[in-house]
Amino acid sequence: MSENVVHLHKPTDPPTPDTAPTVLTVVPDAAPAPPVPLWVRSGRAVKTAATHETTRATVRAVARHGLYTFNGGRIVARRAWDGRTGSRYERMIRAAEAAGNLEAAEEWEERLQRFRAARHHRRMDLLHSPVEATKGVAVGAGMSIGVLVALGVVMALNTGHVGDVITPLSATIDFIALLIRIVQVVWGPALSIGPFLALIALWSVGRKQHAAPAWALPANVRSGEGEPITPSIVVKALRDLGVPALARAIKEMGDVGASMLGPITIAGCGVEVDVTLPSGVSTNEVQSKRRKLAENLTRHEHEVFITIPTAARTVRLWVADSGALDEPIGPSPLVTDDTMTADYAKGRAPWGQDLRGDAAALSLYQRHLLITGLSNQGKTVALRSLALWLALDKSVQFLMGDLKGVGDWNMFDGLATTLIQGPTDEHVIQVTEMVEGAVDEMNRRIQAPPGTVFPPLIVLVDEAQVAFMCPAKDAEKRPYGGSKANSRYFMAVRKIHNQGRAVNVLMWQGTQDPTNENFPKLVREGAHTRASLALGTESQARMALGDKAVDGGAAPNLLRPGLDRGTLVVASDGITIPAGQSSITVRTHYIDDDAAEAITDRAKALRDGVTTLHAIEREEEHDPLADIGAVIGDAPRVRTKDVLARLATRNADAYGGWSFIDLKRVLDDAGAEPYKSDGVMVVARDRVTRALANRDEEGSASAAG
């Protein structure tokens, strides 16, 4: 029974101090919790002991040292077997045959024949060796006794004692007896200690070879941080990759699996090696296991790159030094060399370094550009660094639209002809009209006399996905965003992609998350230079760079968001890419806002002065449908040819360049399509009037709502 607790409190009515009694209330304690069964407590104790780090360390140590001894015996036995038989030569022959090197196979076969001949000669000698050994022992013993007796005779003549004749012989016999006694004393302990010494020797061999599973090895051996890449390490990594055909082929080759490897060469902050895969193993089987291969090489996934060179059944591995890719690269030459200038036609923009540590420079001549990646990965800085270099060519003109609008492009104010910054629909409309103006300039250049040289015009739109996702429509109900044939921004970009390159009108775009919804396929594929920072999925990587680049090993989706900021995977003929590869990884230089300001100041000093427009100057607004209704007048129908002529007379600036297609587009969108009457296309007054009335009613309803 539990104890009772006594609580003291005063009565409810407040009595006087003299009469206030103290009330005793006995409150029983709550019922005690039932005791935990003994078997539960024991199980918890066992689980705690089994999962304790000390227990785990002990189990690992026992397993490690036991396997050191066992596998050390296997290694010694294998070495002994190789030394006594021709198995080593046979493995060499199989490896050479697997690699298709018949000359090497023939050479190893000749060595095997010489080894077998020498072994046969030794075995034949053993048949005659007992007789020869017996004869040798008899002759040696006789000569030794003779020498000892002769020595005794000399001693006897010298001392005059006949007994000294046998003194050397008896001394020799006593010495042999002493050796026998020593052997008798040592033999017993040696038989007892010998096996332990042999086990220690086997354990030492196993320890030096780390002949135990990775989980049982010590932490410093298990991590392998900084471990150099050697042929044996690469072969083991490939063997343990989990590709059965590859593991079997390497097992048949034995220790000479390194014959699959080309030379391991230093490449920047890492090493590079070509691996010729055995028959039955495809390159994509290795590519798909990049993480496991990296871990087998004691590296992180981002420190191993797998590409496909031109040679058949070959993968090229680039393995970084441990932690090297986390170190920043040096500053841009644009910052360190204040005398640098640019050449649009012949020069290359210093963009950064490739994985080999070589300078990565990009040609911008007549190449449309697309840079994509997740948010906050350095897309704007990478795009801006190219524009900063090209600004040092005073002949280059810029039309810029920044649909993020946080001031990343402020330094181009006074350098760009047009600079529009902001994320709203109105900014999208302004940027769209800017791109359409570039289309007009392109058409003017195309119609110029052959041989005319035009200055480069760069039309740059950052955060271009905002334009494609804009829901706004113009007065003719044409959307600014989207990817349909009547989308104004989409069609303007497509026109520049189709014909702009020939007259030096180029489209540069930066965007996030290049999906079909926010960045149409036709626009993505219109860029000659496509670069991507870190992305989320392989499908996004294919949209950003194309199937060919991804199938060839490009993997921006494997870059680490945040940690690999500024690292780009580039697919372009404007940058030097190793032979056989379809892309290259570039670590771009970081140019901050202050350094960018200094560079643009130098660029402005090269020019006579540029007045930057921050908005598009629009012509006087007009209503095409209302103007069509006005020029028809009271006539029931008017020929389309006459409608076009009357519109041109009414407003030459707006309608002077109209064709039948422009007229039909406006009427079709309004539901007042032209039709044939007496074989002539005409416009009906009733249809236009009804379309105007319907539009006004829709506008009134929208305003009321």
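Between the side chain of S487 and the backbone N or O of G481, at least one donor-acceptor pair lies under 3.5 Å. Put simply, the side chain of K641 never gets that close to the backbone of M681: no donor and acceptor are under 3.5 Å apart. Panel note: side chain R587, backbone G352; no donor-acceptor pair is recorded below 3.5 Å. Panel note: side chain R530, backbone M543; a donor-acceptor pair is recorded below 3.5 Å. Side-chain N or O atoms of N284 include none that pairs as donor or acceptor with a backbone N or O of Q287 at under 3.5 Å. Remark: the backbone N or O of A416 is paired with a side-chain donor or acceptor of T612 at under 3.5 angstrom. At least one donor-acceptor pair under 3.5 Å links the side chain of D474 to the backbone N or O of R478.
Counting heavy-atom neighbours within 6.0 Å of K473 NZ, excluding the residue itself, gives a total of 12 or less. Around the NZ atom of K664, the shell of radius 6.0 Å holds no more than 12 heavy atoms that belong to other residues, nucleotides or ligands. With a 6.0 Å radius and a threshold of 12 heavy atoms from other residues, nucleotides or ligands, R607 has its CZ atom above the threshold.
For the atom pair CD1 of I308 and CD1 of I306, the computed distance is 8.0 Å after rounding to the nearest 0.5 Å. Between H427 atom NE2 and L403 atom CG the span is 8.5 Å, to the nearest 0.5 Å. A distance of 5.0 Å separates OG1 in T529 from CG in L362, rounded to the nearest 0.5 Å. Taking CD1 of I632 as the reference point, atom CZ of R687 lies at 11.0 Å (rounded to 0.5 Å). The CG atom of L613 sits 10.0 Å away from the CG atom of L419 when rounded to the nearest 0.5 Å. The line from CD of Q353 to OG1 of T585 is 13.5 Å long, rounded to the nearest 0.5 Å.
Under the side-chain contact (heavy atoms from CB on, under 4.5 Å) test applied with I458, the options L386, L399, N504, L390 reduce to a single match, L390. No option in Q366, H497, R501 other than R501 meets the side-chain contact (heavy atoms from CB on, under 4.5 Å) test with H528.
The shortest distance between side-chain heavy atoms of W351 and S385 falls below 4.5 Å. R565 places a side-chain heavy atom less than 4.5 Å from the side chain of N376. The side-chain heavy atoms of P520 and R494, taken from C-beta on, include no pair separated by under 4.5 Å. Put simply, the side chain of L392 reaches to within 4.5 Å of the side chain of L334, judged on heavy atoms. The side-chain heavy atoms of S583 and L545, taken from C-beta on, include no pair separated by under 4.5 Å. Using a 4.5 Å heavy-atom threshold, the side chains of E433 and R488 count as touching. V461 has its side chain out of reach of W508: every pair of non-hydrogen atoms, C-beta onward, lies at least 4.5 Å apart. Side-chain contact between V381 and T588: absent, with no pair of heavy atoms (C-beta onward) separated by less than 4.5 Å.
Scanning both residues, G482 and F490, for their nearest heavy atoms gives O-CB, 3.5 Å. Nearest approach of R685 to A635, heavy atoms of both residues: CB-O, 3.2 Å. The heavy-atom pair separating L364 from L506 by the smallest distance is O-CD1, 3.7 Å. For the pair P514 and R524, the tightest heavy-atom approach, listed with the atom from each and the gap, is O-NH1, 3.8 Å. Contact between A527 and L369 at its shortest, heavy atoms only, is CB-C, 4.1 Å. Heavy atoms only, all atoms of each residue included: L644 and S659 are closest at CD2-O, 3.7 Å.
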For M442 and L457, run side-chain contact (heavy atoms from CB on, under 4.5 Å): C-alpha distance rounded to whole Å, both residues' side-chain angles, the deciding distance at 0.1 Å, then the answer. CA-CA 9 Å; M442 176 189 72; L457 175 61; over 6 Å; no
Q421 vs N410, test: side chain to side chain donor-acceptor pair (under 3.5 Å). Steps then yes/no. CA-CA 9 Å; Q421 301 182 89; N410 280 340; 2.9 Å; yes
Hey, mind stepping through Q509 and T511 against side-chain contact (heavy atoms from CB on, under 4.5 Å) and telling me if it holds? CA-CA 7 Å; Q509 296 181 95; T511 183; 5.9 Å; no
Could you go step by step and tell me if Y675 and R637 meet the side-chain contact (heavy atoms from CB on, under 4.5 Å) rule? CA-CA 10 Å; Y675 62 95; R637 55 183 176 273; 3.6 Å; yes
Could you please spell out the steps behind the side-chain contact (heavy atoms from CB on, under 4.5 Å) verdict for L667 and V688? CA-CA 8 Å; L667 294 173; V688 175; 4.2 Å; yes
Pair D402-R384, salt bridge (charged side-chain N to carboxylate O under 4.0 Å, His left out): steps then yes or no: CA-CA 11 Å; D402 175 18; R384 190 176 67 183; over 6 Å; no
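Taking the six-membered ring for Trp and thresholds of 30 and 60 degrees, F412 and W409 have ring planes inclined between 30 and 60 degrees apart.
Residues N518 and Q512 have side chains that never bring a donor and an acceptor to within less than 3.5 angstrom of each other. A donor-acceptor contact closer than 3.5 angstrom is absent between the side chains of T689 and D686.
Outside the 6.0 Å centre-distance limit, the rings of Y489 and Y480 are not counted as a close aromatic pair.
Ion pair D669/K477 not flagged as a salt bridge, since none of the NZ, NE, NH1 or NH2 atoms sits closer than 4.0 Å to an Asp/Glu carboxylate oxygen. The residues E463 and K379 are annotated as salt-bridged, a charged nitrogen and a carboxylate oxygen being separated by less than 4.0 angstrom. Ion pairing of D551 with R542 is present here, as a side-chain N (NZ or NE/NH1/NH2) and a carboxylate O approach within less than 4.0 Å.
For the pair R348 and Y365, the NZ or CZ position fails the cation-pi test of under 6.0 Å to the six-membered ring centre and within 45 degrees of the ring normal.
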